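All chains are named by letter (A, B, ...) in the order of the sequence lines, taking the proteins before the strands, and each is independently numbered beginning at 1. On a predicted model such as this, the values are computed, not experimentally measured, just so you know.
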Amino acid sequence: MNDKTEEILTSLEGITRAPAPPFLLTRIMSKLDPALKLAAPALVRWVLAGSLFLIAANVVMVISHRKQASSAGIESEAHTYQLY
Amino acid sequence: MQHQPLDLNDRSAFAGFFDQYKDRVYNTCLSYLQSTEDAEEIAQDVFIQVFQSASRFQGESSVSTWVYRITVNKCLDALRTRQRKKRMQKLVSLFRSDSGELQVDIPDFHHPGVQLENKERAVVLFAAINQLPETQKTAFILSQVEGLPQREIAEVMKISEKATESLLQRAKAGLRKIIVSRLPKESKLYVV
């Protein structure tokens with residue numbers, strides 16, 4: 001058996017882990033930043049989406065109702081004064 | 001194995017996860033790439049991949065195994081890219097008279113975690129590890145540098161424990177041959 005070869009082969013005994021560089025996380029975060037900023041828990045995202053949908057639906061209904069009320073008022077006035 | 005959901009979608013969760021695995025990932029990258037710059041770059045890629053894949057992690061293995069697997073794959077990809085670049089440069093140099101010097105091979109690698117009395121011998125060993133086939137290299141690094149048990153190496157590499165044992169034996173035999181061939185002539189007098 002070659003002593004020198006075996007000494008080389010076992011030279012990693014007692015090796016400790018090299019510590020990660022201090023700014024590694026910062027660099028990773030800057031690459032992931034947009035994804036991490038926008039991310040919210042799934043439940044929050046669903047509640048928010050549902051709320052936005054309800055608000056949008058209400059706005060559409062209000063606009064639609066106002067248009068109907070407006071045209072109904074015009075027709076009523078026209079009928080009163082026999083303008084048609 | 002109990003499935004633990006992996007939610008890394010906010011900063012503090014990701015930072016906590018990073019803290020737990022940063023040294024394992026970086027150290028593995030360093031052992032493969034034998035360059036602090038390359039190891040840092042690939043370690044970044046590993047954590048980005050982890051973030052992007054976290055929601056798809058089904059708990060079919062331990063988190064540690066999964067992270068090591070991503071790390072190993074990224075390192076092997078980087079080594080293949082390096083080899084391709086080296087071959088291209090050699091090809092270019094054949095056709096260009098003004099190509100100047102070829103890119104120098106990576107310099108001797110001094111792993112910062114090696115014990116002081118073993119530093120010079122470890123340089124020779126890491127140079128030899130660099131010449132091993134991919135599977136033997138992986139088995140040896142995970143065993144001797146990361147200190148993983150054969151069971152976990154087998155899970156990372158998706159092979160049986162017996163296959164892992166065989167790879168390690170072949171890796172050591174291969175390393176012995178490489179080391180002997182690199183020793184100065186006078187040292188070879190001691191070869192039996």
Side-chain angles (χ1 to χ4, degrees), chain A residues 1-70, chain B residues 7-11 13-15 18-19 21-31 36 39-41 43-48 51-52 111-115 117-126 128-129 140-141 143-147 172 175-177 179-180 182-183 187-188 190-192:
Chain A
M1 199 65 83
N2 187 327
D3 287 343
K4 201 169 173 77
T5 307
E6 287 311 302
E7 280 174 8
I8 292 170
L9 209 51
T10 55
S11 60
L12 299 186
E13 276 176 10
I15 189 172
T16 55
R17 282 202 184 110
F23 298 111
L24 186 57
L25 179 60
T26 310
R27 290 186 184 131
I28 293 167
M29 289 293 209
S30 68
K31 288 184 181 179
L32 290 176
D33 201 31
L36 277 171
K37 261 187 188 166
L38 289 171
L43 180 63
V44 171
R45 289 202 295 272
W46 277 108
V47 166
L48 198 62
S51 305
L52 286 172
F53 174 77
L54 283 172
I55 291 168
N58 277 328
V59 167
V60 166
M61 277 170 53
V62 164
I63 292 171
S64 168
H65 184 261
R66 274 191 169 180
K67 273 188 181 170
Q68 282 177 3
S70 169
Chain B
D7 185 5
L8 301 177
N9 274 326
D10 68 78
R11 281 176 178 272
F14 184 76
F18 171 83
D19 220 42
Y21 290 99
K22 62 183 179 181
D23 290 345
R24 279 179 255 200
V25 170
Y26 177 71
N27 199 53
T28 305
C29 293
L30 197 57
S31 302
T36 50
E40 188 181 327
E41 189 187 325
Q44 288 181 42
D45 291 348
V46 168
F47 281 103
I48 289 168
F51 175 80
Q52 290 170 343
H111 191 292
V114 169
Q115 307 245 312
E117 62 271 21
N118 289 329
K119 289 252 182 237
E120 291 309 314
R121 287 189 282 267
V123 167
V124 177
L125 180 58
F126 272 108
I129 290 170
F140 191 83
I141 286 172
S143 168
Q144 301 300 306
V145 183
E146 284 298 298
K172 285 176 185 171
L175 287 169
R176 281 192 189 93
K177 270 191 192 166
I179 290 165
V180 164
R182 289 169 68 96
L183 286 176
S187 302
K188 291 180 185 174
Y190 295 104
V191 174
V192 176

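- Considering only heavy atoms from C-beta on, B:Val145 stays 4.5 Å or farther from B:Thr28 through its side chain.
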Throw together a table of side-chain donor-acceptor distances under 3.5 angstrom for residues 51-60 of chain A, partners on residues two or more places apart or in other chains.
unit_1  : atom_1 : unit_2  : atom_2 : d
A:Ser51 : OG     : A:Val47 : O      : 2.8
A:Asn58 : ND2    : A:Leu54 : O      : 3.3

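- If you measure heavy-atom distances from B:Leu30 to chain A, the contacts under 4.5 Å come from the side chain alone.
- Atom CD of residue B:Glu146 and atom CD1 of residue A:Ile15 lie 9.0 Å apart, to the nearest 0.5 angstrom.
- If you tally non-hydrogen atom pairs under 4.5 Å between each of B:Lys172, B:Lys22, B:His111 and chain A, the highest count goes to B:His111.
- Every residue meeting the side chain to side chain contact (heavy atoms under 4.5 Å, CB included) condition with B:Gln115, not counting sequence neighbours, appears here in chain and number order: B:Glu117, B:Asn118.
- Residue B:Tyr21 does not touch chain A at all, counting heavy-atom pairs closer than 4.5 Å.
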